[in-house]
Amino acid sequence: MSQPRQSRALVIVNTNFCSDDGDVVFPTRGGAKREAEKLSNMLSRLNYKVKLMHNKTAKEIEDLYQQECCCEHGEYFVSIISSHGKEGIIFGCDSEPVMLTRIFQILSSEKCPVLTKIPKIFFIQACRGEEFDQGVVVECDSGEPEPEREPDCFSDYLSIPPQTAVMFACSPGYVAFLNIFGSMFLQALLKVLEGEERHLALNRLMTRINREVAFCCQARGTYEGCKEMPCFVTNLLQEVFPFSA
C-alpha cells in the first residue's frame with residue numbers, strides 16, 4: 001500500500017541585506033533566523049516536508065516558488081516569508097523587491113495546475129508601511145474615532161489564487177515588529193502550533209493568533225507601547241485543518 005504524499009512547506013527568511021554595489025540598505029534582522037528554524041522544526045513534527053531557505057535574492061525567491069510547481073504535493077502547501085517589506089512587497093537579500101502578486105501569479109491555476117485544488121497558506125512577517133500602531137482603547141466613554149485609513153491594497157487581495165489563505169503580520173500601512181527574540185507575529189504562530197489550538201480550523205486558528213498579538217504583545221525600548229494587528233484574507237471554500245497532525 002503506497003504512503004500518502006507529504007504536505008510541503010517553504011520557509012524563506014532574509015536576515016542580511018545589501019545592494020549590488022555592496023552597500024547595506026536595510027538593517028540586519030536579528031532573531032529572525034532562529035525563529036524560522038523553530039517554525040521549520042515544528043512543521044516537520046507536524047509531518048510537513050520542509051524547505052528552509054536563508055538570505056535569498058528577489059529572483060531566487062521567485063525561482064523557489066517556480067520549483068514548487070514541479071513537486072509532488074500532499075494535502076496542503078504552507079509558506080512562511082520573513083523579510084523586510086512594504087505594502088504588497090517583500091524584499092530579497094539583494095534589497096530588490098518581490099511583488100506578492102508575482103508570487104501568487106506563479107501559484108495560480110494557470111501557471112501551477114498541480115496546486116489548483118490544494119489549499120495554499122501563507123504567513124508573511126514583513127512591514128506593510130512605515131506607520132506605528134499606537135493601539136486603541138477597547139472601552140471608551142468619550143472621544144471621536146479617528147478616520148479610517150484606506151490603503152491601496154485591494155488589488156493584492158484580488159490577485160490571490162483560488163484555495164488560498166494569506167495572513168499578514170500587520171495591517172496595511174503599518175510596521176511589523178522584530179527583536180533579537182523574534183517577531184510578535186511568528187512567535188504567536190509558533191505558540192499556537194505548539195498548543196492544542198493547532199487542531200482548530202484554519203480561520204479559527206488565525207483568529208487566535210490575532211488575539212494573541214493584539215492583547216499579549218507590545219513593543220519595548222524605542223517604540224515602547226506600540227502594538228501590532230495581524231490580519232488575514234482567505235478565499236478557501238471549506239474549513240481546513242492543516243496543522244492537526
Side-chain angles (χ1 to χ4, degrees), residues 2-17 29 31-85 89-94 96-109 111-126 160-161 163-169 178 182-183 185-187 189-190 192-194 198 202 205-206 209 232 240-245:
S2 61
Q3 293 292 321
R5 296 172 181 171
Q6 267 186 296
S7 293
R8 293 178 59 84
L10 174 60
V11 181
I12 300 172
V13 53
N14 286 340
T15 55
N16 301 307
F17 299 80
R29 302 180 65 247
K33 179 179 178 181
R34 183 172 60 177
E35 178 177 72
E37 290 171 346
K38 288 182 178 179
L39 283 163
S40 297
N41 290 335
M42 173 55 65
L43 288 170
S44 294
R45 292 201 294 271
L46 296 176
N47 202 34
Y48 278 81
K49 186 175 183 179
V50 182
K51 181 188 287 186
L52 172 60
M53 308 303 292
H54 295 280
N55 291 323
K56 294 300 175 183
T57 66
K59 183 179 186 308
E60 287 172 337
I61 290 172
E62 289 191 16
D63 289 344
L64 286 169
Y65 287 101
Q66 293 279 10
Q67 292 167 19
E68 291 299 321
C69 299
C70 303
C71 295
E72 290 188 346
H73 287 267
E75 229 179 325
Y76 303 101
F77 171 69
V78 171
S79 188
I80 299 172
I81 304 173
S82 179
S83 187
H84 284 297
I89 289 172
I90 56 101
F91 288 99
C93 67
D94 55 352
E96 291 297 318
V98 181
M99 299 290 293
L100 292 177
T101 52
R102 173 59 181 155
I103 293 174
F104 299 147
Q105 181 186 46
I106 291 171
L107 300 181
S108 66
S109 301
K111 302 285 186 181
C112 187
V114 70
L115 282 173
T116 298
K117 296 181 180 180
I118 294 174
K120 295 165 282 292
I121 304 156
F122 288 84
F123 297 94
I124 300 176
Q125 167 61 35
I160 294 173
Q163 286 292 85
T164 301
V166 183
M167 188 168 196
F168 299 93
L178 174 78
S183 64
F185 174 56
L186 293 185
Q187 288 297 309
L189 171 60
L190 185 62
V192 166
L193 295 184
E194 290 174 336
R198 70 178 183 275
L202 181 65
L205 181 145
M206 288 179 163
I209 294 173
F232 61 90
V240 297
F241 300 82
F243 306 114
S244 186

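Nothing here was measured: the structure is a model prediction, and the numbers come from that model.
Looking at residues two or more places apart in sequence or on another chain, you find a salt bridge (charged side-chain N to carboxylate O under 4.0 Å, His left out) between Arg8 and Glu68. Partners of Ser44 under the side-chain hydrogen bond (donor to acceptor under 3.5 Å, both in side chains) rule, at least two apart in sequence or in another chain, do not exist in this structure. Tyr65 is linked by a ring pair (Phe, Tyr, Trp, His ring centres under 6.0 Å) to nothing, counting only residues two or more places apart in sequence or in another chain. Evaluation of the side-chain hydrogen bond (donor to acceptor under 3.5 Å, both in side chains) rule for Glu75 yields no partner, not counting sequence neighbours. Residues passing the side-chain hydrogen bond (donor to acceptor under 3.5 Å, both in side chains) test with Thr15 are Asn55, sequence neighbours excluded. Among residues two or more places apart in sequence or in another chain, the side-chain hydrogen bond (donor to acceptor under 3.5 Å, both in side chains) test is passed with Lys49 by none.
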Requested in this report: Take Leu107 and Thr164 through the side-chain contact (heavy atoms from CB on, under 4.5 Å) test and state the conclusion after the steps.
Outcome: CA-CA 10 Å; Leu107 300 181; Thr164 301; over 6 Å; no
Requested in this report: Mind running side-chain contact (heavy atoms from CB on, under 4.5 Å) on Asn14 and Ile90 for me, showing each step along the way?
Outcome: CA-CA 10 Å; Asn14 286 340; Ile90 56 101; 5.7 Å; no
Report task. Output, in order, the C-alpha distance, side-chain angles, deciding distance and verdict of side-chain contact (heavy atoms from CB on, under 4.5 Å) for His73 and Arg5. Result -> CA-CA 6 Å; His73 287 267; Arg5 296 172 181 171; over 6 Å; no
Report task. List the steps, then state whether side-chain contact (heavy atoms from CB on, under 4.5 Å) holds for Val78 with Phe243. Result -> CA-CA 10 Å; Val78 171; Phe243 306 114; 4.1 Å; yes
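Nearest heavy atoms, Ile106 versus Glu62: CD1-O, 3.7 Å. For Gln105 against Ser108, the heavy-atom pair with the smallest separation is O-OG, 2.7 Å. Taking every heavy atom of both residues into account, Pro242 and Tyr76 meet most closely at CA-CE1, 3.5 Å. The minimum heavy-atom distance linking Gly74 with Ile118 is given by the pair O-CD1, 3.4 Å. Taking all atoms of both residues into account, the shortest heavy-atom contact from Pro97 to Ala58 is O-CB, 3.8 Å. The two residues Asn16 and Cys93 make their nearest non-hydrogen contact at O-CB, 3.3 Å.
Taken from CE in Met167 to CZ in Phe185, the straight-line distance is 5.0 Å, to the nearest 0.5 Å. We find the CG-CD1 distance between Leu100 and Ile81 to be 6.0 Å, quoted to the nearest 0.5 Å. How far CG of Leu64 is from CD1 of Ile12: 5.0 Å, rounded to the nearest 0.5 Å. Of the inter-residue distances, the one linking Ile124 atom CD1 with Leu186 atom CG reads 10.5 Å to the nearest 0.5 angstrom. Separation of atoms CD1 (Ile121) and CG (Leu205) is listed at 9.0 Å; rounding is to 0.5 Å. To the nearest 0.5 angstrom, Ser183 atom OG is 12.0 Å from Phe123 atom CZ.
Among the candidates Glu35, Gln125, Arg29, the single residue satisfying the side chain to side chain donor-acceptor pair (under 3.5 Å) test with Ser82 is Arg29. Among Lys59, Gln66, Gln67, the one residue that satisfies the side chain to side chain donor-acceptor pair (under 3.5 Å) test with Asp63 is Lys59.
Within a 6.0 Å radius of NZ in Lys33, other residues, nucleotides and ligands contribute 12 heavy atoms or fewer.
No donor-acceptor distance shorter than 3.5 angstrom exists from the side chain of Ser109 to the backbone of Thr116, with no hydrogens or angles considered.
Aromatic ring pairs are classed by plane angle as parallel below 30°, tilted from 30° to 60° and perpendicular above 60°; the pair Phe122 and Phe104 is perpendicular.
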